[in-house]
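Written below as structure tokens is the structure these notes are about.
When a residue number appears, it is its place in the shown sequence, counting from 1. Every heavy atom of this structure was used, including side-chain atoms; hydrogens, water molecules and symmetry mates were not.
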Amino acid sequence: IAGMAMIDDQIKKIKLKVLEDQRHYLSKHLDSNRYNIFLKTKGILDIDSIQKINAKVTDRDKVDMLIDVMVSHKEGRRGESPLDFLVEAIYNEGVQNHIARVLLKAFLRQCVEEGIGLQYGDSAFQEDPLPPLPDTRPRVGTGPSSPPVQAQS
């Protein structure tokens with residue numbers, strides 16, 4: 001059991017490191033305003049931190065402040081990592097899923113580098129080891145079991 005706690009602590013550190021390591025990428029691509037409310041409901045942000053973020057002028061500075069707050073917070077209400085909640089927020093919005101994939105791949109790569117075996121194992125370096133995203137294409141018909149619309153050539 002002590003070994004599991006040590007691995008859990010190591011994984012938490014890796015998740016915070018991924019946020020720091022991906023800061024430049026996130027500051028260029030993440031729309032921080034889109035996720036503030038979700039992160040607030042998860043206990044990562046509060047009113048004061050949202051005001052600090054919104055006080056920044058540029059989008060890059062807002063994302064930088066968001067990461068600062070997330071890294072300093074360390075974990076959510078139930079011990080989850082801010083990285084977990086950010087990825088969840090991104091997938092819930094369904095608009096910037098490519099960013100979540102970059103973060104998850106960086107996490108898996110860092111785990112492999114640290115020698116931590118996870119569910120995906122060495123597949124972290126395959127083309128796309130993550131599960132596919134849900135099919136959100138418009139459907140023909142009105143029922144939920146209708147087939148996806150086929151693209152016309």
For Asp59, check salt bridge (Lys or Arg N to Asp or Glu O under 4.0 Å) against everything at least two apart and list the hits. none

Applying side chain to side chain donor-acceptor pair (under 3.5 Å), can you list everything that pairs with Asp61, at least two apart in sequence or on another chain? Thr58

Within this structure, what is the CG-NZ distance for the pair Asn33 and Lys62, rounded to the nearest 0.5 Å? 4.5 Å

Where is the tightest heavy-atom contact between Gln22 and Ala106, given as atom of each residue plus distance? NE2-CB, 3.7 Å

Ignoring hydrogens, what is the shortest heavy-atom contact between Ile90 and Ala100? Give both atom names and the distance. CG2-CB, 3.8 Å

Please report the shortest heavy-atom distance between Ile50 and Asn36, naming the atom on each side. CD1-O, 4.0 Å

Go through the structure and list residues passing ring-ring contact (aromatic ring centres under 6.0 Å, His included) with His29, not counting sequence neighbours. Tyr25

Please name the pair of heavy atoms, one in Val18 and one in Leu103, separated by the smallest distance, quoted to 0.1 Å. CG1-O, 3.8 Å

How many angstroms lie between atom CZ of Phe85 and atom NZ of Lys15, to the nearest 0.5 angstrom? 10.0 Å

Are the side chains of Leu39 and Met70 in touch, meaning some heavy atoms are under 4.5 Å apart? yes

Going by side chain to side chain donor-acceptor pair (under 3.5 Å), name the residues that satisfy it together with Asp21, two or more places apart in sequence or in a different chain. Lys17

Worked verdict on Gln51 versus Asp48 for side-chain contact (heavy atoms from CB on, under 4.5 Å): CA-CA 5 Å; Gln51 288 175 345; Asp48 291 336; 4.0 Å; yes

Could you check whether any side-chain heavy atom of Ile11 comes within less than 4.5 Å of a side-chain heavy atom of Phe107, counting everything from C-beta outward? yes

Minimum side-chain heavy-atom gap Leu26-Leu66 below 4.5 Å: no

Can you list everything that forms a side-chain contact (heavy atoms from CB on, under 4.5 Å) with Glu114? Sequence neighbours excluded, please. Gln10, Ile14, Gln110, Ile116

Are Glu88 and Phe38 close enough, and set up right, to give a side-chain contact (heavy atoms from CB on, under 4.5 Å), and what steps lead you there? CA-CA 9 Å; Glu88 184 181 353; Phe38 182 88; 3.5 Å; yes

Got a second to check how far Tyr35's OH is from Ile99's CD1, nearest 0.5 Å? 6.0 Å

With sequence neighbours left out, write down each residue that passes side chain to side chain donor-acceptor pair (under 3.5 Å) with Ser49, or none if nothing qualifies. Asp46

With sequence neighbours left out, write down each residue that passes salt bridge (Lys or Arg N to Asp or Glu O under 4.0 Å) with Arg23, or none if nothing qualifies. Glu20, Asp64, Asp68

List the steps, then state whether side-chain contact (heavy atoms from CB on, under 4.5 Å) holds for Ile37 with Leu45. CA-CA 8 Å; Ile37 300 303; Leu45 300 179; over 6 Å; no

Just verifying a value: how many Å separate Leu30 CG and Ile67 CD1, rounded to the nearest 0.5 Å? 7.5 Å

Are the side chain of Asp84 and the backbone N or O of Ser81 linked by a donor-acceptor pair below 3.5 Å? yes

Got a sec, which residues hit salt bridge (Lys or Arg N to Asp or Glu O under 4.0 Å) with Lys13, two or more places apart in sequence or on another chain? none

Are the side chains of Val69 and Met65 in contact, using a 4.5 Å heavy-atom criterion? yes

Of all heavy-atom pairs linking Leu19 and Pro82, the shortest is CD1-CB, 4.1 Å

Within a strict 4.5 Å, meaning less than it, do heavy atoms of the Ile47 and Lys40 side chains meet? yes

